[in-house]
Amino acid sequence: MNANAAAALAPKDFKSEVKPVWCPGCGDYSVLSSITKAFAKLALRVENVAVVSGIGCSSRIPAYTTCYGFHGVHGRALAVGTGLKLARPDLTVLVAGGDGDGYSIGGNHFMHACRRNVDLTYIVMDNRVYGMTKGQASPTTEPDWESSKLTPEGTGLREFHPLVIALASGANFIARAFSGDPNGTAEIIAEAIRTPGFSFVEILSPCVTFRPEQRLWKDKVHDAPVKPTSDPSQAARRILTDDGFNIGVLYVGHRKTYQPPIGKGAKQAADLEAGFAL
Amino acid sequence: MTPQNPAPRASVSIVLAGSGGAGVMTAGNMLLEAAALAGYYALMTRSSGPQIRGGEAAAMVRIATGPVENMEDHFHVLAAIDWQNIHRFAAEIPLAATSLIVGDPDQGEAPAEFLKSGAPHAPVNLKKLAKSIPGGWPNMVALGLLAALVGLPEASVMKAVGKSLKKRPDSLAASLAGVRAGMAAAEALPARYPLLPAPDATSARWLITGNEAAGYGAIRGGVRFVAAYPITPGTELLEWMAPALAKVGGALVQAEDELASINMIIGASYGGVPSLTATSGPGLALMIESLGLATASETPVVVVDVQRVGPSTGIPTKSEQSDLNLALYGLHGDAPHLVLAPNSVSDCLFTTQWATHLAEATQAPAIVLSDQFLGQARAVVDRPADLAFAAERVTAPANAPDYKRYALTDSGVSPMAIPGTPGTAYTADGLEHGERGTPSSQATDHLAQLDKRRRKLDSVDYGSHWADVEGEGELAVVTFGSCTAPVREAFARARRDGFNARLVSMRLLSPAQPARLADALAGVKRVLVIEQTHSGQFYRYLRSEYDLPGSVSSYRRPGPLPMRPEEIVSQLEQWSKA
């Protein structure tokens, strides 16, 4: 046996000593555990993983891991993650954030990340509220939710449906998970990372502070009754008609991963001069 | 009329205009190449109508015995294949009474806007001459005619046409016949504008646009990742880089918008790969928030802003220097970053390469303020010198003991751990942070990191590259970017009348270099600031960052018309005699 072979890492080895800013009871604690379990399960090394995020409660997650992390600006996590993965295809890139960051300010990047199909995993901890700014409606908030001072009559707007948008935009792996089931969520995240291309995992992660009624999600969630499909039309029907609490892998496609070659050019910079020389 | 025997000149300017499909750009490029092959320096700019395809177009070519980086006061020859909507370009095509207008009589009279110059209108049946040649084209006839008017050797013109039609050998014979017909037709014209003999070539020459030069400078500086969102007039820079990067082991990705392109290059650079994007004013405005992220997270990136006329959509195809305020002051918070401005087509190479080097060395974002004139002008230039400037980022070794990404070092630069390096993992953050990168709202951390980020830029030795400083005397003109070349030409002309002044063309705009400018202006009694903005952005920048000696005046005007030497000469006269 190679004396230098690194010992397998446990989930705790991926968890940093930085104390989260999250409220007691926040679903994101469990998501963090699920992520570290998935990393350990896949026998990843901390130095070969990058966790990238934008802004929001859940976007604080990179510093809570021992991996390389990038905590950027609001809404642009997928763009940072895309650039990083394209430049460094050897890394495992996990992009994580919330529903406001990903579906509202970052909505355009979400759509285009799905269609670009770069080999990275995108986790959205969806609690249907902006928590860091103290409780405003997000794109996934119910239209009649009246607890925000910003929209006291409710938004009156129908909810954004991230799973079907992801499917229509070309995401190669689509799953829904629940933070209250850390082991099941870890399995799904591990499968998402393993699956080539853009993997999207929507995780129902309750906000106990601004959406205390979400504590009841644990009674509503249930396993997806059928196996994952690679047929988009079947997946679309299932996603559009389910009750929103259907947990499991909903779609796995076979799209080609987008990765332009990098580090493979044979020419020197000076060779380009031929194009200018008279 | 009989052809005169005018004295040969060191510089001649010609315009070839026509409606869409007339091939004026093709002929203009051939003329440029022919001049280059004959040993001349030359510069070509272009104008086209608002139509996406097929609108009127004008190729403006200046040919000279020495390097040229700007347009002359007026054109010597305006040749039009037809006159459809060409009058729209009148303000861009100044003529003198000594100029010559060549038009096809079958296409009607030349527009009054041109005739009021007093220049004679010489009819040449360009279309009929072309039709007499099977497969002949009027633009080739015009090419031959123009080449003959300025005395370009026939062999150079034929070689340029041959090079251009390498992939279309079937149309070569007809094109060459058209050129010959044009040359013959020039015999009957009432004026000629012969060039002095071309100088002996002392160095290799390139035919290059500022956008290509900036792209190549970036690659020479080490850029290997580019995220791109198309925008006039920066697109060609990105289009040139796409295949070029692939050849040298880099990659270009088209982003969904400028917010994505700036963040993609931040991600790639965080991964250790020197990265760049190019844009224009509207795109730079979108990128500004994330340039603050690059500053705070200390992620080096290069953004080339090929400025166009603003605000808003403005005039996308024309030049201005009015993004200066945005580049210098657009970032929220106190966010030290680099701003550089190339001052010639070939300097786009140097400045972008240097910007890449500086960004990597300081782990800070660099904005390169090019402009539409520099970016899209195609010029014959002396091959720029090879430069040692390359990306040299200070990185952390594996398992560095007690690694602190944002350690408070003397120079402010702290080793950057690249993902994949064991034992140094950290989280880069746009939140204010302590030395380890952990978010902090403590006053001490904020002050320490602000000082650190400032110190990085102040501890670099920018050497002599911060500006081009020329001349002597008690008067000084301070300018930057594409205003530099017309100012230089104006200086050369004014010197013949006894004018004497210093010229400072500033390449490094941020961080400001007050001590260096003070040295350059030591003993100066009066300063004139020249720029292409409406509000005097450069003047105000100089007044706020520098102690300028003596009395300070400002000459500024907005785009879209390029600065011409004559207007600057008249400004110099007024100012120096005031």
Side-chain angles (χ1 to χ4, degrees), chain A residues 6 16 18 21 45-52 55 60 62-88 90-91 93 108-109 111-113 116 258-273 275-278, chain B residues 33 36-37 204-208 212-213 216 219-220 224-225 227 244-253 255-257 259-273 275 289-290 292-293 297 380 383 386 417 419-431 437-439:
Chain A
S16 81
V18 179
V21 295
R45 310 294 311 167
V46 291
E47 64 269 21
N48 296 331
V49 178
V51 183
V52 176
I55 294 295
R60 290 293 192 113
Y64 307 150
T65 75
T66 52
C67 305
Y68 280 89
F70 195 97
H71 183 208
V73 296
H74 198 22
R76 318 292 165 221
L78 279 171
V80 173
T82 297
L84 175 58
K85 180 67 185 183
L86 293 179
R88 291 289 308 277
D90 55 310
L91 298 174
V93 176
N108 194 36
H109 308 306
M111 208 159 66
H112 289 278
R116 196 174 281 117
Y258 175 78
Q259 176 63 56
I262 188 157
K264 298 209 168 69
K267 298 206 174 200
Q268 300 298 309
D271 296 338
L272 300 169
E273 283 187 21
F276 309 131
L278 280 168
Chain B
E33 178 112 29
L37 292 170
R205 304 243 178 93
W206 285 0
L207 190 52
I208 195 167
E212 292 166 349
Y216 182 46
I219 288 179
R220 285 221 302 209
R224 289 297 180 272
F225 183 84
L245 276 168
K247 284 178 191 151
V248 298
L252 178 143
V253 59
E256 55 270 29
D257 56 30
L259 305 168
S261 51
I262 182 71
N263 280 282
M264 284 180 180
I265 65 169
I266 289 171
S269 177
Y270 168 77
V273 178
S275 299
E289 183 199 17
S290 296
L293 170 63
S297 65
V380 180
R383 180 189 176 280
D386 289 318
T421 311
T424 51
Y426 74 102
T427 292
D429 213 316
L431 277 169
T438 310

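To find a chain, count down the sequence lines: A is the first, B the second, and so on, and within it residues start at 1.
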Interface residue of largest heavy-atom contact number with chain A, from [options], under 4.5 Å:
options	result
B:Thr421, B:Leu37, B:Leu431	B:Thr421
B:Pro419, B:Ala428, B:Ala244, B:Gly249	B:Pro419
B:Gly267, B:Gly430, B:Gly250	B:Gly267
B:Val253, B:Thr438, B:Val380	B:Val253
B:Val273, B:Asp386, B:Leu293	B:Leu293
B:Leu259, B:Ile265, B:Ile219, B:Ile266	B:Leu259

Does any heavy atom of chain B fall under 4.5 Å from the side chain of [X], the backbone, both, or neither of them?
X	answer
A:Pro62	both
A:Val18	side chain
A:Arg88	side chain
A:Ala270	both
A:Ala63	both

**Prompt:** Do A:Phe276 and B:Arg383 have side-chain heavy atoms sitting under 4.5 Å apart?
**Reply:**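 No; the side chains remain at least 4.5 Å from each other.
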
**Message:** What part of B:Glu33 gets within 4.5 angstrom of chain A, counting heavy atoms only: side chain, backbone, both, or neither?
**Reply:**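 The answer is the side chain of B:Glu33.
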
**Message:** Could you report the tightest heavy-atom contact between B:Ala417 and A:Tyr68, atom names first, then the distance?
**Reply:**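 It is CB-OH, 3.7 Å.
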
**Side chains of A:Asn48 and A:Asp90, donor plus acceptor under 3.5 Å** =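 There is no such pair between these side chains.
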
**Asked** If you measure only the distance, is there a donor-acceptor pair under 3.5 Å linking the side chains of A:His71 and A:Arg60?
**Response**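 Side-chain D/A pair, A:His71 to A:Arg60: absent.
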
